[in-house]
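Worksheet: the structure to be examined is printed underneath.
For ligands, and for the atoms within them, numbers begin at 1 and follow the listed sequence.
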Amino acid sequence: MTDKIRIATCSLGGCFGCHMSILDIDERIAELAEVVQFDRSPLTDIKTCGPCDLGLIEGGLCNEENVEVLIEFRKNCRILVAVGACAITGGIPAMRNNCELDSCIEEAFVRSPGLYNAQIPNDPELPLLLDKVRPIQDAVTVDFFLPGCPPSADVIWTVLQQILNGQPLVIPAQELRFD
Ligand code: SF4
């Protein structure tokens with residue numbers, strides 16, 4: 001039996017840059033490991049999310065699998081935090097929202113220069129793309145938004161400390177960034 005805080009993390013339509021920022025807390029991760037236990041996360045390679053105190057979501061909703069994973073996190077995580085611009089606004093992947101989905105797919109898989117034997121992938125295991133990339137709050141209730149592309153390691157650390165200490169979640173003005 002453990003009384004450690006359970007944390008789950010995942011990348012939906014993201015680039016893993018926000019996860020890299022989490023790792024950028026550097027040696028403080030040893031301090032974190034004393035008091036938290038990671039559930040589903042790229043850090044553990046656990047594939048399903050169990051009951052957790054905190055869920056950190058990177059990336060927006062690009063496909064149906066992203067929606068399923070997000071709903072699983074919302075069901076299991078007491079506090080859900082949108083980490084980074086892609087989770088909050090759709091971010092870079094949402095640039096495709098300016099075009100029709102069919103046109104994006106053809107541009108990527110058929111019309112791009114240098115393609116050999118160009119064809120649109122249709123393996124049934126591939127998750128279906130959503131018509132538009134959407135922020136995660138379009139599908140579930142989000143408890144806190146941590147902006148930045150990515151948020152700095154220091155602001156991630158600040159918010160983690162607030163959660164671990166049961167304090168209100170507040171981003172100090174000097175740590176707030178949107179780039
Ligand atoms: Fe990557 Fe920036 Fe999106 Fe984070 S917010 S997943 S760093 S593009």
Item to complete: Return yes when atom CD of Glu100 has more than 12 non-hydrogen atoms of other residues, nucleotides or ligands closer than 6.0 Å, and no otherwise.
Response: no
Worksheet, complete the sentence: A student checking ligand 1 against Gly148 at a 4.0 Å heavy-atom cut-off should list atoms 5 (S)
Worksheet item: Please walk me through it: do Phe178 and Leu176 pass side chain to side chain contact (heavy atoms under 4.5 Å, CB included)?
Response: CA-CA 7 Å; Phe178 296 96; Leu176 188 62; 4.0 Å; yes
Fill in: Polar protein atoms near atom 1 (Fe) of ligand 1 [N, O or S; cut-off under 2.8 Å]
Cys15 SG
Fill in: salt_bridge(Asp53, Lys4) N-O dist < 4.0 Å
no
Worksheet item: Under 4.0 Å between a Lys/Arg side-chain N and an Asp/Glu carboxylate O for Arg134 and Asp131?
Response: yes
Discussion item. My understanding is that only residues two or more places apart in sequence, or in another chain, count here; which of them pass side-chain hydrogen bond (donor to acceptor under 3.5 Å, both in side chains) with Glu65?
Written reply: none
Worksheet item: Counting distance only, does the side-chain N/O of Asp123 pair as donor-acceptor with the main-chain N or O of Glu125 below 3.5 Å?
Response: yes
